[in-house]
2 protein chains.
Amino acid sequence: MPSDDNRTYSIKELACDFGVTPRTLRHYEDQGLIAPERQGQNRIYSAEDRVRLAWILRGKRVGFSLSEIGEMLDLYNVGDGRETQRAVTVDRCRDRIRALEAQRDDINATIEELQEFCELIANLIRDKDRGLWVRRDTGQPLGKYQP
Amino acid sequence: MPSDDNRTYSIKELACDFGVTPRTLRHYEDQGLIAPERQGQNRIYSAEDRVRLAWILRGKRVGFSLSEIGEMLDLYNVGDGRETQRAVTVDRCRDRIRALEAQRDDINATIEELQEFCELIANLIRDKDRGLWVRRDTGQPLGKYQP
DNA sequence: GTTAACGTTTACGTTAACGTCAACCACGAA
DNA sequence: TTCGTGGTTGACGTTAACGTAAACGTTAAC
């Protein structure tokens with residue numbers, strides 16, 4: 001089957017595919033995050049632009065700002081740069097990784113707390129449904145339809 | 001040793017402890033996220049307010065907006081509410097958990113890509129340091145100090 | 001030939017999460 | 001008494017990431 005790797009996309013196609021608006025894509029271009037080719041005035045997006053966009057949107061989802069994402073994308077374009085520049089790149093890359101790991105820890109902690117709380121309430125509901133609730137004063141079961 | 005659980009804190013103390021500004025705490029209060037007691041005009045923060053603040057800040061770190069965090073904090077205050085309200089609470093709680101898990105997956109994917117890229121550049125540096133680079137045209141080693 | 005669907009640039013509007021500043025009060029120390 | 005420190009309430013400013021609207025140019029369809 002024909003690989004679609006050399007297909008191109010209009011701005012609306014690409015936007016729809018990724019659930020964003022054309023305005024968003026233009027904005028990313030203004031910020032220097034993507035640079036699609038042009039046919040006259042019109043923007044023509046390539047498969048490469050797609051993966052860039054995917055990167056950008058995932059970066060957003062994990063909490064990076066557009067300028068941070070821009071820096072990270074730049075990291076991929078310095079393979080031909082100077083040595084010192086490369087070392088800096090590696091350092092910053094590792095900083096990002098550490099930050100992401102910290103964020104992941106935060107997320108895990110939040111998930112755990114939410115799970116505990118969620119189960120607690122779910123159990124409350126289930127127990128009431130089984131008529132397990134009792135009156136605080138007498139200790140008598142409330143029965144099934146007690147407010 | 002004396003438990004500090006009933007200590008109180010001024011706005012500046014609490015702000016410093018958590019690396020934010022007093023303005024931030026007032027803002028959170030405006031949004032209904034915390035409601036410290038007062039001594040006359042002055043805000044007095046309790047140990048309970050501390051844990052609330054910790055929750056808020058972690059919520060921020062994992063990407064929630066203040067209003068979302070407010071809703072989540074509200075979840076903890078409906079234990080005495082109606083049955084239907086409880087069910088809604090559980091549902092929304094589980095939605096949040098799923099969203100957080102998705103976000104965690106994103107983070108893991110990003111970490112992996114950054115790690116691969118990072119190792120790639122690190123290897124470039126190491127190899128050059130060992131004089132392993134060659135000229136593209138002749139295949140001859142470049143030696144150690146080739147730009 | 002004009003209407004519809006797509007594209008373009010330019011520019012002002014909006015929201016969130018505070019920053020910043022003014023004007024004020026209270027209190028302990030010098 | 002004045003100064004420094006820390007608190008208060010407005011209220012306007014700022015930044016990021018777009019939304020929205022105006023004014024305009026293409027191309028295909030009817």
Side-chain angles (χ1 to χ4, degrees), chain A residues 7-46 49-50 52-74 96 99 103 106 110, chain B residues 7-46 49-50 52-74 96 99 103 106 110:
Chain A
R7 258 206 59 188
T8 65
Y9 306 84
S10 77
I11 190 169
K12 202 182 183 187
E13 278 178 319
L14 194 59
C16 284
D17 287 0
F18 284 85
V20 299
T21 71
R23 170 69 175 113
T24 300
L25 297 186
R26 293 196 194 99
H27 181 58
Y28 292 167
E29 187 171 349
D30 288 345
Q31 308 296 331
L33 301 184
I34 26 178
E37 293 174 13
R38 300 282 183 134
Q39 270 185 7
Q41 289 264 75
N42 293 23
R43 293 167 173 83
I44 302 296
Y45 295 89
S46 68
D49 291 324
R50 279 185 80 99
R52 269 184 96 84
L53 181 55
W55 237 96
I56 294 169
L57 295 178
R58 200 179 60 193
K60 286 219 62 189
R61 288 199 301 274
V62 308
F64 289 123
S65 73
L66 291 189
S67 64
E68 287 174 320
I69 292 171
E71 291 180 32
M72 295 177 62
L73 287 173
D74 285 346
R96 290 245 166 276
Q103 197 177 342
D106 274 334
T110 306
Chain B
R7 257 206 60 188
T8 65
Y9 306 84
S10 77
I11 190 169
K12 201 180 184 188
E13 277 178 320
L14 193 60
C16 283
D17 286 1
F18 283 85
V20 299
T21 72
R23 170 69 176 114
T24 299
L25 297 186
R26 294 196 194 99
H27 182 58
Y28 292 166
E29 187 171 349
D30 288 345
Q31 308 296 331
L33 301 184
I34 27 178
E37 293 173 13
R38 299 284 183 131
Q39 270 186 6
Q41 290 263 77
N42 293 22
R43 293 167 173 84
I44 302 295
Y45 294 89
S46 69
D49 292 323
R50 280 186 79 98
R52 270 184 97 84
L53 181 56
W55 236 96
I56 294 169
L57 295 179
R58 199 179 60 193
K60 287 219 61 191
R61 289 199 301 273
V62 308
F64 289 124
S65 72
L66 291 189
S67 64
E68 287 173 321
I69 293 171
E71 292 181 30
M72 295 177 62
L73 287 174
D74 286 346
R96 290 245 166 278
Q103 196 176 341
D106 275 336
T110 307

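The chains referred to below are lettered A, B, ... by the order of the sequence lines, with proteins before strands, and numbering in each begins at 1.
- The side-chain heavy atoms of R96(A) and T110(B), taken from C-beta on, include no pair separated by under 4.5 Å.
- The distance from atom CG of L14(B) to atom P of dG7(D) is 11 Å, rounded to the nearest whole Å.
- Using a distance-only test at 3.5 Å, with no hydrogens or angles considered, a donor-acceptor pair links the side chain of D49(A) to the main chain of S46(A).
- Figure legend: R58(B) and W55(B) shown as a cation-pi pair, the cationic atom lying under 6.0 angstrom from the six-membered ring centre and within 45 degrees of its axis.
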Set out, line by line, the N/O atom pairs under 3.5 Å between protein and nucleotides 7-9 of chain C.
from, atom 1, to, atom 2, distance (Å)
dG7(C), OP1, S10(A), OG, 3.1
dG7(C), OP1, K12(A), N, 3.1
dT8(C), OP1, R43(A), N, 3.2
dT8(C), OP1, R43(A), NH1, 2.7
dT8(C), OP2, R26(A), NE, 3.1
dT8(C), OP2, R26(A), NH2, 2.6
dT8(C), O5', R43(A), NH1, 3.2
dT9(C), OP1, R38(A), NH1, 3.3
dT9(C), OP2, R43(A), NH1, 3.0
dT9(C), OP2, R43(A), NH2, 2.8

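- Under a 3.5 Å cut-off, the side chain of R43(B) and the backbone N or O of S10(B) do not form any donor-acceptor pair.
- For T24(A) (side chain) and V20(A) (main-chain N/O), no donor-acceptor pair under 3.5 Å exists by modelled atom type.
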Query raised in the report: For DNA chain D, what string of dots and brackets results from 5' to 3' when Watson-Crick and G-U pairs need both distances under 3.5 Å, crossing pairs get [ ], and pairs with another strand get |?
Result: ||||||||||||||||||||||||||||||
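- Distance, L57(A) CG to dC18(D) C1': 13 Å, rounded to whole Å.
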Report summary line: Each nucleotide of nucleotides 16-26 of chain C classed B (base within 4.0 Å of a protein heavy atom), S (only sugar-phosphate) or -, in 5' to 3' order, makes -BBBB------
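- By the 6.0 Å and 45° rule, R50(A) does not stack over the aromatic ring of Y45(A).
- For the pair P22(A) and A15(A), the tightest heavy-atom approach, listed with the atom from each and the gap, is N-CB, 3.7 Å.
- Closest approach of I69(A) and F64(A) over heavy atoms only: CG1-CB, 3.7 Å.
- The main-chain N or O of Y28(A) is never found under 3.5 Å from a side-chain atom of Q31(A) such that the two would form a donor-acceptor pair.
- Ion pairing between a basic and an acidic side chain is recognised when a charged N comes within 4.0 Å of a carboxylate O; E29(A) and R38(A) show such pairing.
- Between E29(A) atom CD and dC18(D) atom P the separation is 15 Å, expressed in whole Å.
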